[in-house]
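Heads up, the thing below is written out as structure tokens.
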Amino acid sequence: MSTSGKFSLVPDLPKELQVEVTGACNLRCRMCLVRYAPPVGRSEGALSYPAFRDLVDTLPELTKLTLQGLGEPLLAPHLLDMIRYATERRVQVGFNSNGVLLNRQWARDLVAAGTSWVHISLDGATASTYEDVRHSTTFKPRPGQFDQVVANLRTLVAERAAAGATKPVIKLVFVAMRRNVAELPALVDLAADVGVDELWVQNLSHTFSDTDPAGHYSAIRAYTAEESLVAAEDQETSRRAFAAAAAKAARRGLDLRLPELTEQQVRDDAVGCTWPWESAYVTHRGEVQPCCMVMGSDRATLGRLDEQPFTEIWKGERYQRFRAGLRSQDPPEVCRGCSLYRSIF
């Protein structure tokens, strides 16, 4: 296993950071931990603006900032202030949203603030499939929500054009599952018609295999096992959908990113993931974790900002042990079910 300086156990402070600006969400999507956890209120779940600035100010070489986590960023009361603060420091900043709240005023404000990217989740090409996956806070499909998100997307594209801007880069994000993968070719047509810059397709992020099968992760663990394309014994439907989508994207001139359907083995001379050397994930409660793929503060929290400054956590013993595990053939247990670590995300 490589132990070069590039993968030092105490690397330089990261130039990238992901911050969960809110833990509150207006949806309860089937593949998200939010659905299976107690709800978080909008005020309770908000990261304060002073805490955000203090964190950003500890990283003088910061170049990229992602303002998202388990919550919906458009519910964060200080989101625009955070974006402006980052852009004033010449930091690229953006986030992923479910798009439900992305009205014309939000679109104008995001363009004017210099947001670098906005990614919108759309997990179906029809209202029935989308609303089956992305439930409202009442756990029931909300009629018209699919059409509203598509209309909001068109508005964002139009407001960017009206401002003569090239930013934000606008991507559709599609979480490919057994229940929706057949609609991927049709989603290519929709994405091209709306005028987004790219359609990003990804697999489910984690198997949760490191958790207790009977514990509080049991429901999402069972769901991912049932819906995973990678775990499917017969992948023919998925491969046909991917091939048809790729062919259609080429014809429509749409950038399309597709994930792998077969797990990739980590080479003996490589670490399985570079996140803990290059970035970090900070929850709205100030918990510092190695990445956003962990999902759950009881899994791989390496420090808390109310106990230590970020710089001390980054250089601390827990982070060093975690990095050492990734440099070995015995990685941290939480990493083994991670799609990014397995190169299938």
Side-chain angles (χ1 to χ4, degrees), residues 17-56 65-86 93-113 115 117-123 130-131 133-146 148-149 151-153 155-156 168 173 175 205 216 219-220 281-289 292 294-298 301 304-306:
L17 191 66
Q18 181 166 341
V19 181
E20 183 185 56
V21 291
T22 179
C25 194
N26 54 329
L27 301 184
R28 293 291 184 270
C29 304
R30 293 184 182 274
M31 66 290 190
C32 180
L33 187 61
V34 168
R35 179 178 174 85
Y36 308 94
V40 176
R42 186 169 183 175
S43 297
E44 170 196 355
L47 177 69
S48 75
Y49 186 51
F52 168 81
R53 288 190 306 176
D54 289 346
L55 175 60
V56 171
L65 183 60
T66 302
L67 302 180
Q68 71 189 54
L70 290 176
E72 165 53 46
L74 295 181
L75 288 173
H78 307 291
L79 180 64
L80 281 174
D81 291 331
M82 293 170 174
I83 291 171
R84 293 179 184 123
Y85 191 74
V93 58
F95 59 92
N96 191 97
S97 168
N98 59 45
V100 173
L101 304 175
L102 185 61
N103 58 25
R104 187 171 299 277
Q105 189 58 57
W106 263 118
R108 288 176 177 170
D109 289 343
L110 292 171
V111 172
T115 312
W117 72 89
V118 175
H119 299 171
I120 303 297
S121 296
L122 201 66
D123 300 304
Y130 167 86
E131 291 166 4
V133 173
R134 294 192 169 269
H135 285 44
S136 72
T137 52
T138 61
F139 288 76
K140 297 178 182 179
R142 181 177 297 169
Q145 187 168 283
F146 173 79
Q148 183 62 58
V149 173
N152 290 347
L153 264 169
T155 297
L156 180 59
V173 177
V175 180
S205 61
H216 61 278
I220 192 170
Y281 175 67
V282 181
T283 73
H284 72 277
R285 294 177 294 267
E287 296 144 340
V288 179
Q289 297 184 292
C292 67
V294 169
M295 285 200 291
S297 58
D298 57 338
T301 291
R304 290 174 170 78
L305 294 179
D306 60 354

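- Residue A46 comes nearest to P77 through the heavy atom pair CB-CD, 3.7 Å, listed as atom of the first residue, atom of the second, then distance.
- Residues L65 and F52 have side chains in contact (heavy-atom distance under 4.5 Å, counting atoms from C-beta outward).
- Contact check for V149 versus N98: no side-chain heavy atoms found under the 4.5 Å cut-off.
- Taking all atoms of both residues into account, the shortest heavy-atom contact from Y85 to V56 is CE2-CG1, 4.2 Å.
- Closest non-hydrogen pair, M295 versus S205, comes out as CE-OG, 3.2 Å.
- Using a 3.5 Å distance cut-off with no hydrogens or angles, the side chains of N26 and E72 do not pair a donor with an acceptor.
- Listed for the T66 side chain is no donor-acceptor partner under 3.5 Å among the backbone atoms of Q68.
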Problem set entry | W106 and L156: CA distance, side-chain angles, deciding distance, side-chain contact (heavy atoms from CB on, under 4.5 Å) verdict | CA-CA 8 Å; W106 263 118; L156 180 59; over 6 Å; no
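- E20 contributes a side-chain N or O that, together with a main-chain N or O of L70, makes up a donor-acceptor pair within less than 3.5 Å.
- You'll find the side chain of L67 reaches within 4.5 Å of the side chain of V93, heavy atoms only.
- F95 places a side-chain heavy atom less than 4.5 Å from the side chain of L74.
- For the residue pair Y36 and A219, the shortest heavy atom distance occurs at CD2-CB, 3.4 Å.
- Remark: side-chain polar atoms of Y49 are not paired, donor with acceptor, to backbone N or O of L79 under 3.5 angstrom.
- Closest of all the heavy-atom pairs between A107 and T155 is CB-CG2, 4.2 Å.
- A 4.5 Å side-chain heavy-atom check between M31 and R134 finds at least one atom pair inside the cut-off.
- For the residue pair N96 and S121, a side-chain donor N or O sits within less than 3.5 Å of a side-chain acceptor on the partner.
- Looking only at distances, a side-chain donor or acceptor of T115 sits under 3.5 Å from a matching main-chain atom of L110.
- To the nearest 0.5 Å, atom CG of residue L33 and atom NE2 of residue H216 are 7.5 Å apart.
- Residues A113 and R84 come closest through the heavy atom pair CB-CG, 4.1 Å.
- Under the 3.5 Å distance criterion, the side-chain polar atoms of R35 are matched with a main-chain donor or acceptor of R28.
- Atoms CZ and CZ, on R285 and R304 in that order, are 9.0 Å from each other to the nearest 0.5 Å.
- Going from atom CZ of R108 over to atom CG of N103 covers 10.0 Å, rounded to the nearest 0.5 Å.
- Taken from CG in N152 to CD1 in I120, the straight-line distance is 8.0 Å, to the nearest 0.5 Å.
- We find the CZ-CG distance between R104 and D109 to be 12.5 Å, quoted to the nearest 0.5 Å.
- Checked by atom type and distance alone, the side chain of Q289 pairs as donor or acceptor with a backbone atom of G296 at under 3.5 Å.
- To the nearest 0.5 angstrom, L305 atom CG is 9.5 Å from D54 atom CG.
- Of the possible donor and acceptor atoms, one in the side chain of R42 sits under 3.5 Å from a partner among the backbone N and O of L75.
- Using cut-offs of 30° and 60° for the angle between ring planes, the W117 and H119 rings count as tilted.
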